[in-house]
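One structure is given below, encoded as structure tokens.
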Number of protein chains: 2
Amino acid sequence: MSTAPAAPSADRSIELVRLLKLNERREPSVVQVATWVGLGIIEGRLRPGEDLNSVELSHRFNSSRTPVREALMLLESEGLVEIRARKRPRVAAFTLERVREIYFVRQHLLALVGGLVTEKATDDELVELRARLAQMEADAAGGDVDSYFWGHVALQERMTQIAGNETLKGILDSLALRTLILRHASLAQPGRLAASVADQLRIFEAIQNRDGELAAMLLSRATVAALRAIEESDWSQRQSSA
Amino acid sequence: MSTAPAAPSADRSIELVRLLKLNERREPSVVQVATWVGLGIIEGRLRPGEDLNSVELSHRFNSSRTPVREALMLLESEGLVEIRARKRPRVAAFTLERVREIYFVRQHLLALVGGLVTEKATDDELVELRARLAQMEADAAGGDVDSYFWGHVALQERMTQIAGNETLKGILDSLALRTLILRHASLAQPGRLAASVADQLRIFEAIQNRDGELAAMLLSRATVAALRAIEESDWSQRQSSA
DNA sequence: CGACCCATAATTGTCGACATTCAATGGCGA
DNA sequence: TCGCCATTGAATGTCGACAATTATGGGTCG
């Protein structure tokens, strides 16, 4: 387990708390543990298969094991942690097959989002989406993978929100969480950042032109492209060799 | 809260344990509580909005509050229970809008299942699906709504399993759980049982004929029909009047 | 030298108790 | 009579301790 203290970066933890829907649903102590462990998994500080000793975690946060166990259960329900009776909780490990499954579902659900967003987005919301894209363009131009990554996460979350189907949003948020670490790795590949920006711009234009079918198709294709990038990343190489 | 003792019907609890994926992941005590509460919600014994007092539940099962809290968290992650910090856990309450959201997603995901099942089902699995259908036909002919209902649940679970996408199956199982109570109510409407049987038979024929597109379309339409039945059921009448 | 087994240490699941917070009841005032 | 507020009771979240189970390491045997 990592030795870093309990001080996660502020901006990212806020986004994670949103994705986990922790805001009003848990005690601060549980949120703190879940955020630290969840961010650790996403950022790769905690590696797949690594033990998540509840005693050690409770010492790290100066609490008892009860809130720690609750936090780990929350992360389990989002697919980030594996809990089996009487065994130590572990960081969830994905097979390449599982990743392909997730992207297959994601591809089709994001297409639905594309249609819904095109139909429902107000002009104000279009302006907001464009502003987010502009920031992402700047991050990409500056080569700031980390900022672009989290901007991308926030953009998709905002789009699913505008789509107006809470159930759909919940599923996509959950799927997004499980693939965050992989997406981060794939974005770091040369050329991937620029390609992602181009995809997002085309998608936005389709939405702005109120062409729902095109937006759906582009989102679907962009998702496939993201999967391809993951398949070519270091992570997949390690998977296939293991 | 209901006053019935802790003795859920054996067959249905097994199916519920499968849907909740409780089998090897939790202690027996947690499974027992989660099964009893979950079945209670599905069968309508515990009503939407009703408080789930952890002290009372722990007394009912001669345990402490710890495993009860864990069971309620499991049910929360499946959308059957609502937990907010410092408030009493309650049975989740659905709005008609939320139900429509669920069926919108369900409709498109089941279409995916239809295509995958048609592609992947072996001849043996087709025989098994047909046998399940035969049993459901018999239940429907005998007017046994309850047996037909659980047979229908098991059939769809088996089909999603054959489809071979664990992620997709997990999502659909979760969505199915949230709508079980409504589906049960809608099946009790006059004529609905026969219509459902006819739908299922047509879907099976399409799969058997290896016509994936047709199977997807029929599954999608059958899902829409199920939503219509729910919208015309007592539950929806109560919703719109409230 | 490697595999198996047993004893020890560590970790889990559960419990009852406690302070804090919430909800419900009754009293007060308008 | 109705609405608001304080008080009381109940429920929650957390804690440290315990028995039961699992993981670890050393020792033995083939």
Side-chain angles (χ1 to χ4, degrees), chain A residues 1-3 6 17 20-37 40 46-77 80-93, chain B residues 1-3 6 17 20-37 40 46-77 80-93:
Chain A
M1 191 171 301
S2 166
T3 55
V17 166
L20 283 171
K21 301 172 191 61
L22 288 172
N23 271 321
E24 297 286 326
R25 292 166 64 182
R26 301 292 164 184
E27 293 288 309
S29 58
V30 174
V31 174
Q32 191 185 13
V33 177
T35 305
W36 188 84
V37 175
L46 303 173
R47 296 187 186 175
E50 188 170 339
D51 285 348
L52 293 169
N53 186 319
S54 66
V55 174
E56 182 179 337
L57 282 172
S58 66
H59 285 177
R60 186 191 302 279
F61 290 95
N62 283 88
S63 70
S64 75
R65 283 168 51 230
T66 308
V68 171
R69 282 171 57 82
E70 182 162 336
L72 292 180
M73 284 193 60
L74 277 174
L75 295 174
E76 183 208 22
S77 73
L80 295 180
V81 167
E82 290 174 356
I83 299 179
R84 293 166 305 169
R86 303 269 172 187
K87 313 274 177 175
R88 292 185 206 151
R90 298 181 310 186
V91 177
Chain B
M1 191 172 302
S2 167
T3 56
V17 166
L20 283 171
K21 301 173 192 58
L22 288 173
N23 272 321
E24 296 286 327
R25 291 166 63 181
R26 300 292 165 186
E27 293 289 309
S29 58
V30 174
V31 174
Q32 190 185 14
V33 176
T35 306
W36 188 84
V37 175
L46 303 173
R47 296 188 186 176
E50 186 169 340
D51 284 349
L52 293 170
N53 186 321
S54 65
V55 175
E56 182 178 338
L57 283 171
S58 66
H59 285 178
R60 183 190 303 278
F61 290 95
N62 283 88
S63 69
S64 75
R65 283 169 53 231
T66 308
V68 170
R69 281 171 58 82
E70 183 163 335
L72 292 180
M73 283 193 60
L74 277 174
L75 296 173
E76 183 209 23
S77 73
L80 295 179
V81 167
E82 289 174 358
I83 298 180
R84 293 166 305 168
R86 304 268 172 188
K87 312 274 178 180
R88 289 185 209 150
R90 297 181 310 186
V91 177

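All heavy atoms count here, side chains included; hydrogens, waters and symmetry mates do not. Bear in mind the structure is a predicted one, so any value in this text is a computation, not a measurement. Chain letters run A, B, ... following the sequence lines, proteins first and then strands; every chain starts at 1.
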B:Val55 vs B:Val68, side-chain contact (heavy atoms from CB on, under 4.5 Å): CA-CA, chis, key distance, verdict: CA-CA 9 Å; B:Val55 175; B:Val68 170; over 6 Å; no
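- C:dT14 atom C1' lies 15 Å from atom CZ of B:Arg26, rounded to whole Å.
- With rounding to whole Å, A:Asn53 atom CG is found 13 Å from C:dA9 atom C1'.
- Considering all non-hydrogen atoms of both residues, A:Val30 and A:Ala71 come closest at O-CB, 3.7 Å.
- The shortest distance between the side-chain N/O atoms of B:Ser54 and the OP1/OP2 oxygens of D:dT12 is below 4.0 Å.
- Side-chain N/O atoms of A:Arg65 and A:Ser54 include a donor and acceptor closer than 3.5 Å.
- The minimum heavy-atom distance between A:Val81 and A:Leu52, with the atom names listed, is CG2-CD1, 3.7 Å.
- Under the salt bridge (Lys or Arg N to Asp or Glu O under 4.0 Å) rule, A:Arg90 has a single partner from A:Glu76, A:Glu50, A:Glu82, which is A:Glu82.
- Defining each end axis of the helix from C:dC1-D:dG30 to C:dA30-D:dT1 as the rotation carrying four pairs' C1' atoms onto the next four, with five pairs an end, the two axes are found to diverge by 20° to 10 degrees.
- Of the candidates D:dG13, C:dT12, C:dC15, the closest approach to any side-chain atom of B:Arg69 belongs to D:dG13.
- The distance between atom CG of B:Leu52 and atom P of D:dA10, rounded to the nearest whole Å, is 20 Å.
- A distance of 7.5 Å separates CD of A:Glu70 from CD1 of B:Ile83, quoted to the nearest 0.5 Å.
- A donor-acceptor contact under 3.5 Å links the side chain of A:Arg65 to the base of C:dG13.
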Show each protein N/O and nucleotides 19-23 of chain D N/O combination with a separation under 3.5 Å, one pair to a line.
from: D:dA23; atom 1: O3'; to: A:Arg88; atom 2: NH2; distance (Å): 3.3

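- Atoms CG and CG, on A:Leu20 and A:Leu80 in that order, are 7.0 Å from each other to the nearest 0.5 Å.
- OP1 or OP2 of D:dC15 sits under 4.0 Å from a side-chain N or O of A:Ser64.
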Test log, rule side-chain contact (heavy atoms from CB on, under 4.5 Å), inputs A:Leu74 and B:Met73: CA-CA 8 Å; A:Leu74 277 174; B:Met73 283 193 60; 4.2 Å; yes
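- Nucleotide C:dG13 holds its P atom 14 Å from the CD atom of A:Glu70, rounded to whole Å.
- Counting non-hydrogen atoms under 4.0 angstrom, B:Pro28 reaches nothing in the nucleic acid.
- For A:Ser29 and D:dT14, the shortest distance from a side-chain N or O to OP1 or OP2 is below 4.0 Å.
- Atom CZ of A:Phe61 is separated from atom C1' of D:dT14 by 16 Å (rounded to the nearest Å).
- When the C1' atom of D:dC15 is taken as reference, atom CG of A:Asn62 falls 13 Å away, rounded to whole Å.
- Rounded to whole Å, the distance from CZ on B:Arg90 to C1' on D:dT12 is 15 Å.
- Taking atom CD of residue A:Glu56 and atom P of nucleotide C:dA9, one finds them 20 Å apart after rounding to whole Å.
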A:Arg60 vs A:Leu57, side-chain contact (heavy atoms from CB on, under 4.5 Å): CA-CA, chis, key distance, verdict: CA-CA 5 Å; A:Arg60 186 191 302 279; A:Leu57 282 172; 4.3 Å; yes
